[in-house]
Amino acid sequence: MKTKGISILIGLVGALFGLSIIFLRRIAFGSYEFGIILGLALTVAVLPYGIIVYLEDRENYILEKDLLDYLSQIESYVKSGKSLVFVLTVPKNERKKPLKKRLLQLEKMLNLGMTPDEALNKITESMPTLISKEAFSIIHRLVVYGGDVSGVLESAREHLGDLFAIENEKRSVMRNYGSIIYISFFILLVIIIFFIRFFVYKFSSASFATPFSSATNTTLLKNLMLQFLIVEGFVSGLITGKLIAGKTSSGFVHSAIMILLTLVTYSIFL
């Protein structure tokens, strides 16, 4: 939470700095410099938080995948006759970082004298995803109420494995839709660049009168198109994140990528 707060602060400071440059230098709305500063300000505003969200989503995916192996492992320990409470933290060193970190927290709480009920309740509440919460909620109830521990763990592993497979398949499908938005935005960018270079510029140098005969009109159109692409890239990135991960904040990284792609491509070809 602290990291997210810092990233938001960095983004806001960067965006305000960019906007202050526009205000202090009195940069005109329709100028090329306005578009460049606007694009950089938006990128700085969303990129730090977007990176944090991306890393968090990636960590949650690793946690859920590793959790299924963990359930299988403690199930085999229980079938060999060991106590469930005893084996909960035994595989901690074999697990990947997201799950290992939480198992170390659980072990620390138990060593400090906290009851398994209290410790597991805290760990369950700290779990970031539905599958991880459900897994530790089942373990918590088994520790408190007992029963056919190995049978319940086996059923839970199979059920959560099916849920994970469904979510994974959904991510793959949505990732394809996200790719379509990237391709569509890139095609739009190429079309606008070709339109300006091979249509607007040609007509600006034509011997007969056209709306683009004036250099002022041509420059203004070029600058406004840049600003349009920046806004379009920002919105398209948010939609991409919503499609792929189910939340708008996951689209901040995509927005930053599309804006930077626009600025770099526009600067090179126009």
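Not measured: the values here are computed from a predicted model.
Note: Leu160 CG to Ser132 OG = 9.5 Å, rounded to the nearest 0.5 Å. With rounding to the nearest 0.5 Å, the separation of CG in Leu103 from NZ in Lys92 is 8.5 Å. Rounding to the nearest 0.5 angstrom, the gap separating the CD1 atom in Ile181 from the CG atom in Leu188 is 13.0 Å. The distance from the CD1 atom of Ile36 to the CG atom of Asn223 is 9.5 Å, given to the nearest 0.5 Å. Atom CG in Leu130 sits 8.0 Å away from atom CD in Glu167 (nearest 0.5 Å). In this structure, CD1 on Ile230 lies 5.0 Å from CG on Leu263, to the nearest 0.5 angstrom.
The environment of NZ in Lys65 is sparse: at most 12 heavy-atom neighbours from other residues, nucleotides or ligands sit within 6.0 Å. Enclosure of atom NZ in Lys79 by more than 12 non-hydrogen atoms of other residues, nucleotides or ligands within 6.0 angstrom is indicated. At most 12 non-hydrogen atoms from other residues, nucleotides or ligands lie less than 6.0 angstrom from NZ of Lys97.
Minimum heavy-atom separation, Pro48 to Ile10: CG-CG2, 4.0 Å. Considering all non-hydrogen atoms of both residues, Lys100 and Asn93 come closest at CE-OD1, 3.8 Å. Taking all atoms of both residues into account, the shortest heavy-atom contact from Val44 to Gly14 is CG1-CA, 3.5 Å. Closest heavy-atom contact between Ser31 and Gln227: O-NE2, 3.4 Å. Shortest non-hydrogen contact noted between Leu224 and Gly30 is CD2-CA, 4.5 Å. Looking at every heavy atom in both residues, Gln73 comes nearest to Pro91 through OE1-CB, 3.2 Å.
Listed by chain and number, the residues in a side-chain hydrogen bond (donor to acceptor under 3.5 Å, both in side chains) with Tyr182 are His254 (sequence neighbours excluded).
Judged by a 6.0 Å distance limit and a 45° cone about the ring axis, Lys222 is positioned over the six-membered ring of Tyr32.
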Note to self: Applying side-chain hydrogen bond (donor to acceptor under 3.5 Å, both in side chains) to Arg141 and Ser137, what does each step give before you reach the verdict?
What the structure shows: CA-CA 6 Å; Arg141 289 196 292 270; Ser137 177; 2.7 Å; yes

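Thr129 and Glu64 form a side-chain donor-acceptor contact under 3.5 Å, judged by distance and modelled atom types alone.
The distance between the ring centers of Phe269 and Phe194 does not fall below 6.0 angstrom.
Using a 4.5 Å heavy-atom threshold, the side chains of Phe164 and Ile131 count as touching. Between Arg25 and Ile27, the closest side-chain pair of non-hydrogen atoms falls below 4.5 Å. A 4.5 Å side-chain heavy-atom check between Gln105 and Ile123 finds at least one atom pair inside the cut-off.
There is no path of hydrophobic side-chain contacts, each under 4.5 Å, that joins Val13 to Leu40. Side-chain heavy atoms closer than 4.5 Å link hydrophobic residues (I, L, V, M, F, W, Y) into clusters, and following such links, possibly through other members, connects Leu38 to Leu189. If you chain together hydrophobic residues whose side chains sit under 4.5 Å apart, Leu260 and Val235 never meet in one group.
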